[in-house]
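Here the structure is laid out as structure tokens; the discussion comes afterwards.
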Amino acid sequence: MSSYSSQQDNRLRPRNTEYNSSPTHSPDAVTPTGASAGSSAFLPSSVSSLWGGLVRRFSSDTASPSTSPNFNSSFHYSQTYPTGGGNLHSSGLDGVYTPPHTYRTASPMRPPPLEPLRLNGFSDDTTPEARLLTTAIAEEVRIMVPTRLSIGDEWNLVYSLDQDGASLATLYEKCAAYQGRRVGFVLVVKDCEGGIFGAYLSDYPHPAPSYFGTGECFLWRASVLASLPPPPSADTSHLTARTTTIAAARSLGLYSQSSSLSTSSTLNNSDTASVGSLATTLGSPSIRFKAFPYSGVNEYYILCESHFLSVGAGDGKYGLWLDGSLERGKSSTCPTFGNERLSDEGEKFGVLGVEMWVIGAGGR
């Protein structure tokens, strides 16, 4: 009976197993030594792991600085370079794979410089003192306007208090001619102390029951810093005008006036050269420009009625407000633009001049 059981057990045992004759194991314990179903399932995963390691290895090698191609400096496009030296990053076989850190160079392909602005619309009898917007201030405002409008090199005067009279209704009527066109408007105001400030409007000003405009609107102000006196080492023997660090009363009109340096008709060439060198040392008055873009707090961009025009509001105050007769105005800090007070006179100021310019209308 025992002999039959032993032969039957031998037939039931797999041929690819063997007995462990160690005395610490029982005769029934079997240790697999050949291929099994688990080993066949393990083979594809091993191949995929090996293949992934090779891919990471070659990827790491190609990204190393020693094998990176040498780019010609005359190539006109942006380039990417690895940082550091040597193989400082794990390939994934020896540890966790970390990609190399790279830096990019700026592309030299930049848009061409903008053409100088041309301000059109002033009458021949309009004096330089009555022209509020100068080219220097316009170039500063140009930086802040949308790109689709800044590429234009012509700004056209729509309304001027000096040329068209003090009437807000006239301003609305002239701006209505640009209804439906993708243009922008620059409002320029001059107060009784000679301060110049204003706003950029994304839509033409017109009476409306509610606020209108977009986040492209912003407030701005400009002032002129007087040129510094000449240094002690400069030759001031031919300097006849008095220099000061205080700006003139008509500060913003200095751009349209000649230099304060005057030369005598009897000066020889060397004297003229020395005065010209001094003028270069003194320099022309520099402009200080401040812009206050949309803050995102509220959407009180523009509000116009028949008896007032306002830009920015909140907390019961306006960023810029003008009455219907264009004689008085207000300016306070408002949440729409987070601006400072635009006029140095205070929250309330007197109006000496108003201009409205259109951008993006071409020659019209």
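For clarity, every value in this text was computed on a predicted model and none was experimentally measured.
Of the residues listed (V183, V186, V141, N156), the one engaging I359 in a side-chain contact (heavy atoms from CB on, under 4.5 Å) is V186, and it is the only one.
In this structure, E299 and Y211 approach most closely via the heavy-atom pair O-CB, 4.0 Å. Listed here is the closest heavy atom pair of L119 and T134: CD1-C, 3.8 Å.
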Side-chain donor-acceptor pairs of residues 212-222 under 3.5 Å, sequence neighbours excluded:
from: T214; atom 1: OG1; to: S202; atom 2: OG; distance (Å): 3.1
from: T214; atom 1: OG1; to: E216; atom 2: N; distance (Å): 3.3
from: E216; atom 1: OE1; to: R148; atom 2: NH2; distance (Å): 3.4
from: E216; atom 1: OE2; to: R148; atom 2: NH1; distance (Å): 3.2
from: R221; atom 1: NH1; to: E340; atom 2: OE2; distance (Å): 3.0
from: R221; atom 1: NH1; to: R341; atom 2: O; distance (Å): 3.3
from: R221; atom 1: NH2; to: D344; atom 2: OD1; distance (Å): 2.9

Only distances under 3.5 Å count here; give the side-chain donor-acceptor pairs of residues 306-316 to other protein atoms, sequence neighbours excluded, each with its distance to 0.1 Å.
from: S310; atom 1: OG; to: L303; atom 2: O; distance (Å): 2.9

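Residues C175 and Y172 form no side-chain contact, since every pair of their non-hydrogen atoms from C-beta on lies 4.5 Å or further apart. Two residues are said to be in side-chain contact when any heavy atoms from C-beta on lie closer than 4.5 Å; F289 and I143 fail this criterion. Contact check for M356 versus L201: side-chain heavy atoms found under the 4.5 Å cut-off. Within the 4.5 Å cutoff, no side-chain heavy atoms of V351 are placed close to those of D191.
Side chains of S160 and D162: a donor-acceptor N/O pair is absent below 3.5 angstrom, by distance only.
Summarising the geometry, atom CG belonging to D153 is positioned 11.5 Å from atom CH2 belonging to W155; distances are rounded to the nearest 0.5 Å.
In this structure, F197 has its ring center under 6.0 Å from that of F349. Aromatic pair Y204/W357: centroids not less than 6.0 angstrom apart.
Annotation for E173: atom CD does not count as buried by contact number, only 12 or fewer foreign heavy atoms lying within 6.0 Å. Taking a 6.0 Å sphere around CZ of R118, one finds it holds more than 12 heavy atoms contributed by other residues, nucleotides or ligands.
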List the steps, then state whether side chain to side chain contact (heavy atoms under 4.5 Å, CB included) holds for F292 with L342.
CA-CA 10 Å; F292 308 96; L342 300 181; 3.9 Å; yes
Determine, stepwise, if the pair Y294 / Y200 fulfils ring pair (Phe, Tyr, Trp, His ring centres under 6.0 Å).
CA-CA 11 Å; Y294 176 52; Y200 170 78; over 10 Å; no
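Each side chain to side chain donor-acceptor pair (under 3.5 Å) pair with one or both residues in residues 326-339, not counting sequence neighbours, appears once here: N298-T336, S332-E347.
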